[in-house]
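Okay, structure first, notes after.
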Amino acid sequence: MGGQNESMSDSFAERLLAWFGERKRDLPWRKNKNPYHVWVSEIMLQQTRVETVIPYFERFIARFPTIHDLAEAPEADVLKMWEGLGYYSRARNLQAAVREVQASYGGVVPSDAVQIATLKGVGPYTAGAILSIAYDVPEPAVDGNVLRVMTRYKLLYDDIAKAKTRVRIENILRPLIPLQAPGDFTQALMELGSLVCVPKNPKCDICPVAADCEAKLAGVQSELPVKTKAKQPRAEFRAVAFVQRMIGGERKFLLRRRPEQGLLAGLWECPHIEHDDTQTDIPLLSEHCAAEYGIPMQRSERMPDFEHVFSHIHWHLRVYRFHVDDEFHGNDAKHVGVDGLPEHVRWVSVRELGDYTLPLVFSKIIRQGVSV
DNA sequence: AATACGGGGAG
DNA sequence: CTCCCAGTATT
C-alpha cells in the first residue's frame, strides 16, 4: 500500500476513497452504473445543483427509461421534462446524441474516449465522468468542485475561469487515479468539493486530506481558488402582452413559439417587444400583435412587473393584459394553422398548458394573468 | 480567449 | 445583493 510519492501512510486517493465510502450521499444516479443513467445525470448536473436535479432525474428516467425510449420520443416531450431546469440546449443535444448512439453504436454508450467525446453536449468533463463512473476508465473529470479542491490541495493560483487551468488539473490528476476505482475517485473528488471543500468557509477540520493540503498548510485556503468574476448581465426592457379571449366558453391566452436558435430556443412564451428603459409603448405592443397575428385588441390594463435574470441578460418585464372581443374570428388569408394563426402561435387554455414548454418567468406571468 | 446559454440556493 | 453551481458550443 501507499502512494507513489506520498509521505503519508495512505495516499491521497486512499484517504479520499475511505472518506467517500463513509460519507457519500445516497443519490438516484448512484443506484447502479447504467451508462445511460450516468449520462443523463451528468448532463443535468452541468451548472446545476444536486438538489435541483434529483426530482428532474427521477421524472426523466421514469418517462424515458432507456436510450431507445429517449431516442424515439418527440422532442417536445423531452423539452417538457426539462422545463424549469434551464440550458435547454442540453436536452436537445442529449436527444441528438442518444439518437447517434442508436445509429452508430448499436444503442450502447461508447466506452472509448474519442468516440464519446464526439457526442453532442459531451465535453471534457462529461466524457471523463461517464468513462470513469460508468466504465471505470481512468480518465479525470474536472468540474467546478474538482477545480476548487485541487487548486487548494496543490496551492495553485491559476485562474479557474480559464480553460487551460482545467487541462493542468487533468494532468495533475491522471497519475493519481487509482486503477481499481476510477469511478469512485471521480465521485469522491466532487463529493469532497460539494460537502467539505466548499467555496466559503471550507470545513478543513473534517477534511480527509487536510493534513497535506498545501493551501491549508499555508493558511490560505479561503483565498483559493482564484477566479475572474463574471460581467454584469445587460439590462433589457420588454413589454409583454398577456392576450386573452374566450373560445368555446373556455378562457384562452396567446402563446408564441421562440426561434429554434438562441435564448430559450423553441420554448413558448407570451408575445413581447423590446422598449427603452424609460417608456413603454403600449400602442406599439398592440400594433405588434395586430400585425404579427392579425389580432385586433381592445382594452388593456397593467399587470404587475416581473424581473428575470439570466446569466447574461436582466429582463425588466412590464406586463399588459389585452382582451380580444368574442366576436372576432381571426381568419386572415395570409395566416395558416390552428385558428387561422401562424404555426408558431396558439390560443392555449390552462388545461392545455401541459402540452407546451415555457420558461419559468412566463409560467409565472400566466399564473398571475389567469388568477384575476 | 471570450461569450451565449437558465435558474436557483446559500450566505 | 454576490457567488457559483458535477459545463458545452460557438465565435
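The chains referred to below are lettered A, B, ... by the order of the sequence lines, with proteins before strands, and numbering in each begins at 1.
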Which of the following nucleotides, [options], is nearest to the side chain of [X]?
X	options	answer
A:Q46	B:dG7, C:dT8, C:dA6	C:dT8
A:K229	B:dA4, C:dC3, C:dG7	C:dC3
A:M190	C:dA6, C:dA9, C:dG7	C:dA6
A:N145	B:dG8, B:dA1, C:dA6	C:dA6

Which whole number of Å gives the distance between the [atom1] atom of [N] and that of [M]?
N	M	atom1	value
B:dC5	C:dC4	C1'	15 Å
B:dG6	C:dT11	P	15 Å
B:dA10	C:dA6	P	12 Å

Look at [X] together with [Y] and state whether they make a salt bridge at an N to O cut-off of under 4.0 Å.
X	Y	answer
A:R238	A:E269	no
A:K33	A:D136	yes
A:E83	A:R59	no

Find the distance [X]:[atom1] to [N]:[atom2] and express it as a whole number of Å.
X	N	atom1	atom2	value
A:L85	B:dG8	CG	P	10 Å
A:D158	B:dA1	CG	P	12 Å
A:E236	B:dA4	CD	C1'	13 Å
A:W82	B:dG6	CH2	C1'	12 Å
A:I160	C:dC3	CD1	P	13 Å
A:L45	B:dG7	CG	P	17 Å
A:R92	B:dG6	CZ	C1'	14 Å
A:M44	C:dA6	CE	C1'	13 Å

Considering every strand and a 4.0 Å limit on heavy-atom distances, what is the contact class for [X]: base, sugar-phosphate, or nothing?
X	answer
A:I43	nothing
A:S89	nothing
A:L27	base
A:T126	sugar-phosphate
A:G84	sugar-phosphate
A:R25	base

Toward the 5' end of DNA chain C, by each residue's nearest nucleotide, A:P199 or A:L119: A:P199
Any side-chain N or O of [X] under 4.0 Å from OP1/OP2 of [N]?
X	N	result
A:H312	B:dC5	yes
A:H308	B:dG6	no
A:K231	B:dT3	yes
A:R148	C:dC5	yes
A:Y87	C:dA9	no

Pair A:R168-A:N171, side-chain hydrogen bond (donor to acceptor under 3.5 Å, both in side chains): steps then yes or no: CA-CA 5 Å; A:R168 184 176 182 193; A:N171 291 331; over 6 Å; no
Which residue lies more 5' along DNA chain B, comparing A:I313 with A:K364 via nearest heavy atoms: A:I313
Geometric class of the A:W315/A:H308 ring pair [parallel <30°, tilted 30-60°, perpendicular >60°]: tilted
Positions of residues 47-64 of chain A (non-hydrogen atom under 4.0 Å from DNA chain C), listed by number: A:Q47, A:R49, A:V50
All pairs passing salt bridge (charged side-chain N to carboxylate O under 4.0 Å, His left out) where residues 352-372 of chain A contributes a residue, at least two apart: A:K252-A:E352
Looking only at the side chains, is there a donor atom on one of [X] and [Y] sitting less than 3.5 Å from an acceptor on the other?
X	Y	value
A:E307	A:H316	yes
A:Y125	A:Q46	no
A:R148	A:N145	yes

